[in-house]
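We number each residue from 1, following the sequence as shown. What's counted below: heavy atoms across the whole structure, side chains too, no hydrogens, waters or symmetry copies.
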Amino acid sequence: MTSSFDKDVFIRIVEAAIGLVALTIGGLIYIRYRSESLLMFDWFQNLGLSDSIDDFRSNGEMPNMYGLIKYNLPAGLWLFAYMFVIDAVWGKDKNRVSMYFLYVLPLLAVASEFMQFVGLLPGTFDVMDLLSYVSAILLFLIIKKL
């Protein structure tokens with residue numbers, strides 16, 4: 001028989017693992033399919049990882065990725081990962097501060113798209129980014145209800 005502490009620790013580990021997997025998938029999509037003009041490729045070069053990254057990017061034929069997967073899915077995956085990791089950090093000890101940390105970034109992500117739409121924030125409004133953020137939030141909430 002397991003105690004509630006053991007169950008909480010197990011749930012936190014699973015949530016952290018879900019977050020790490022989502023973060024990794026989003027990162028791999030970026031590394032594999034996005035332009036080398038992104039700042040992260042300079043970081044890879046400074047860390048001496050350019051050869052490994054080049055090998056990964058040239059490993060086999062690069063399929064023509066749908067824009068949604070290439071450009072929007074990583075943002076949704078990273079938001080999804082953030083929510084699971086923050087939830088894992090707080091565990092069952094939910095309070096006002098934990099809810100702030102859990103929901104401030106998702107709300108800012110959604111708000112930033114609307115602010116871009118009305119011109120209050122630089123950038124280009126993208127309905128698919130908005131859909132990606134909202135989907136990440138809803139998927140998190142659905143999984144948490146299970």
Side-chain angles (χ1 to χ4, degrees), residues 6-95 97-146:
D6 292 339
K7 183 178 178 184
D8 183 53
V9 170
F10 176 75
I11 290 170
R12 291 168 85 167
I13 291 170
V14 169
E15 287 179 333
I18 289 169
L20 184 59
V21 168
L23 183 67
T24 301
I25 292 169
L28 289 173
I29 291 170
Y30 247 70
I31 292 169
R32 174 77 180 193
Y33 299 106
R34 296 298 297 267
S35 167
E36 288 183 356
S37 66
L38 294 172
L39 182 59
M40 68 179 186
F41 289 99
D42 291 338
W43 299 341
F44 295 145
Q45 183 175 3
N46 291 337
L47 293 170
L49 298 173
S50 291
D51 290 341
S52 297
I53 297 299
D54 290 344
D55 288 345
F56 175 67
R57 288 173 62 84
S58 65
N59 188 6
E61 188 176 320
M62 287 180 63
N64 186 10
M65 297 293 292
Y66 293 105
L68 175 68
I69 295 171
K70 185 176 179 180
Y71 296 108
N72 310 105
L73 181 61
L77 285 169
W78 293 339
L79 184 60
F80 182 76
Y82 168 84
M83 294 180 78
F84 265 102
V85 169
I86 292 299
D87 200 59
V89 166
W90 290 95
K92 64 181 180 179
D93 300 324
K94 301 290 189 280
N95 57 43
V97 173
S98 68
M99 292 297 107
Y100 172 80
F101 277 100
L102 181 61
Y103 289 109
V104 73
L105 186 63
L107 291 174
L108 285 173
V110 170
S112 72
E113 285 301 319
F114 286 114
M115 290 169 61
Q116 289 174 7
F117 181 73
V118 297
L120 294 175
L121 191 68
T124 304
F125 170 77
D126 187 341
V127 71
M128 297 311 286
D129 277 344
L130 182 61
L131 179 63
S132 181
Y133 296 144
V134 170
S135 297
I137 296 165
L138 291 175
L139 186 58
F140 170 80
L141 294 172
I142 290 167
I143 291 171
K144 288 300 294 178
K145 289 288 181 191
L146 299 176

Subject >> side-chain contact (heavy atoms from CB on, under 4.5 Å) evaluation trace for Asn95 with Trp90 >> reply: CA-CA 9 Å; Asn95 57 43; Trp90 290 95; 4.0 Å; yes
May I ask you to decide if [Y]'s main-chain N or O and [X]'s side chain share a donor-acceptor pair within less than 3.5 Å?
X	Y	value
Glu113	Asp126	yes
Arg34	Ile29	no
Thr24	Leu20	yes
Asn72	Ser132	no

Residue pair [X] / [Y]: nearest heavy atoms and the distance that separates them:
X	Y	value
Trp78	Gly27	NE1-N, 3.4 Å
Ser50	Gln45	OG-CA, 3.0 Å
Ser98	Asp93	OG-O, 4.1 Å
Ala81	Gly19	CB-O, 3.1 Å
Tyr82	Leu102	CE2-O, 3.8 Å
Arg57	Phe41	NH1-CZ, 3.4 Å

Kindly indicate whether the side chain of [X], heavy atoms from C-beta on, has any atom under 4.5 Å from the side chain of [Y].
X	Y	value
Phe80	Ile25	no
Phe125	Val118	no
Ile11	Lys92	no
Met128	Tyr71	no
Leu130	Val110	yes
Glu36	Asp54	yes
Ile69	Tyr33	no
Glu15	Lys144	yes

Original post:
How are the rings of Phe140 and Phe84 set to each other: parallel, tilted or perpendicular (split at 30° and 60°)?
Top reply: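 Phe140 vs Phe84 ring planes: perpendicular.
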**OP:** Determine whether more than 12 heavy atoms belonging to other residues, nucleotides or ligands lie under 6.0 Å from atom CZ of Phe117.
**Re:**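 Counting neighbours around CZ of Phe117, 12 or fewer heavy atoms of other residues, nucleotides or ligands fall under 6.0 Å, so no.
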Subject >> Tyr100, OH: over 12 other non-hydrogen atoms inside 6.0 angstrom >> reply: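 No, not enclosed.
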From [X] [atom1] over to [Y] [atom2], what is the distance, rounded to the nearest 0.5 angstrom?
X	Y	atom1	atom2	value
Leu47	Ser52	CG	OG	11.0 Å
Met83	Ile143	CE	CD1	10.5 Å
Asp87	Ile18	CG	CD1	10.0 Å
Asp55	Leu49	CG	CG	11.5 Å
Leu131	Leu68	CG	CG	7.5 Å
Asp129	Leu79	CG	CG	11.0 Å

**OP:** For a side-chain contact (heavy atoms from CB on, under 4.5 Å) with Phe10, tell me which candidate from Ile13, Val14, Asp6 qualifies.
**Re:**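 Among the candidates, only Val14 passes.
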